[in-house]
Amino acid sequence: MADSFFDMVYRVVRRIPAGQVATYGQIARILGAPRAARTVGWALHSLPEGHDVPWHRVVNSRGTVSLDARGPGGAVQRALLEEEGVVFGEGRIDLKVYGWAGPDLAEQRALLGEAPGG
DNA sequence: ATAATGACTGGGG
DNA sequence: ACCCCAGCCATTA
């Protein structure tokens, strides 16, 4: 399978530029499933080993890491983001500043897998 | 086909 | 602004 929702999530996440972050809900919306935010998180949870997906650029709507912020996972995500220039204020990210604007309409269509012929 | 899981999200006190 | 409750959807066994 190469068109599963999970793979779609990976494609969108790969579109997130360094130094910016997106929310699970935002990715879900881009995929046309505004209520599938949980599934987006699960998709990242199901990430294989040899992946090249910048999963760390995905945070929750609160602007905080959904991983165990107190555990190694959260620390890793935060470290990766800080390496890209993302600043944490009070343990949170200002989505208004570092929030990804999202893909272009054309890009979104491509991510949705819609044919260019209509 | 059903039941269970999960890195979410929004509203009210 | 923060915490808790209920709804949501896709994948898995």
Side-chain angles (χ1 to χ4, degrees):
Chain A
M1 55 175 71
D3 290 353
S4 297
F5 191 85
F6 279 28
D7 289 313
M8 305 265 285
V9 172
Y10 303 150
R11 285 176 220 261
V12 176
V13 174
R14 277 198 268 254
R15 300 305 311 168
I16 306 173
Q20 296 187 6
V21 299
T23 68
Y24 300 93
Q26 181 178 3
I27 294 165
R29 289 170 188 275
I30 291 168
L31 293 177
R35 296 294 164 206
R38 300 206 59 178
T39 312
V40 172
W42 198 9
L44 298 178
H45 166 74
S46 185
L47 271 171
E49 295 183 13
H51 67 74
D52 53 350
V53 180
W55 58 272
H56 57 276
R57 294 180 194 151
V58 185
V59 299
N60 58 31
S61 193
R62 299 291 190 191
T64 63
V65 294
S66 258
L67 283 168
D68 303 297
R70 319 251 291 192
V76 171
Q77 180 169 11
R78 174 166 178 165
L80 288 169
L81 288 172
E82 288 182 333
E83 284 182 30
E84 297 182 350
V86 177
V87 179
F88 281 69
E90 294 294 331
R92 275 177 251 178
I93 302 171
D94 190 345
L95 298 179
K96 307 283 283 207
V97 177
Y98 301 100
W100 180 38
D104 292 339
L105 187 56
E107 279 292 292
Q108 185 172 352
R109 285 215 203 186
L111 291 166
L112 291 172
E114 292 191 12

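Everything numeric here is computed off the predicted structure, so don't read it as measured data. Lettering follows sequence order; numbering is per chain, from 1.
- Residues A/His56 and A/Glu84 approach most closely at NE2-OE2, 2.9 Å, considering heavy atoms.
- In the set B/dG6, B/dA7, B/dT9, B/dG6 carries the atom at the smallest distance from any side-chain atom of A/Thr39.
- Other residues, nucleotides and ligands contribute over 12 non-hydrogen atoms within 6.0 Å of the CZ atom of A/Arg78.
- When heavy atoms are screened at a 4.0 angstrom cut-off, A/Tyr24 is found touching base atoms of the nucleic acid.
- Among the protein residues, A/Ser46 comes within range of no part of the nucleic acid, since none of its heavy atoms lies under 4.0 Å from any strand.
- Look at CH2 on A/Trp42: it is 17 Å from P on B/dT9, rounded to the nearest Å.
- Across the protein-nucleic acid pair, A/His45 atom NE2 and C/dA10 atom P stand 18 Å apart, rounded to whole Å.
- C/dA10 atom C1' lies 15 Å from atom CD1 of A/Ile27, rounded to whole Å.
- The residue among A/Phe5 and A/Arg62 whose nearest nucleotide of DNA chain C is located toward the 5' end is A/Arg62.
- Between A/Arg38 atom CZ and B/dG10 atom C1' the separation is 14 Å, expressed in whole Å.
- Taking 4.5 Å as the limit, every side-chain heavy atom of A/Val59 sits out of range of all side-chain heavy atoms of A/Tyr98.
- The nearest whole Å value for the distance from the CG atom in A/Leu31 to the C1' atom in C/dC8 is 15 Å.
- Following rounding to the nearest Å, A/Arg78 (CZ) and B/dA7 (C1') show an atom-to-atom distance of 17 Å.
- A straight line from CG of A/Asp68 to C1' of B/dG6 spans 13 Å, rounded to a whole angstrom.
- Here A/Ser66 lies in heavy-atom contact (under 4.0 Å) with sugar-phosphate atoms only.
- At B/dC8, none of the side-chain N or O atoms of A/Ser61 fall inside 4.0 Å of OP1 or OP2 (strictly under the cut-off).
- When side chains are defined from C-beta on, A/Tyr10 counts as touching A/Ser46, because their heavy atoms get closer than 4.5 Å.
- Listed candidates were B/dT5, B/dG10, B/dA7. Nearest to the side chain of A/Leu47 is B/dA7.
- What separates CZ of A/Arg35 from P of C/dC8 is a distance of 9 Å, to the nearest Å.
- Counting heavy atoms from C-beta on, the side chains of A/Leu81 and A/Gln77 come closer than 4.5 Å.
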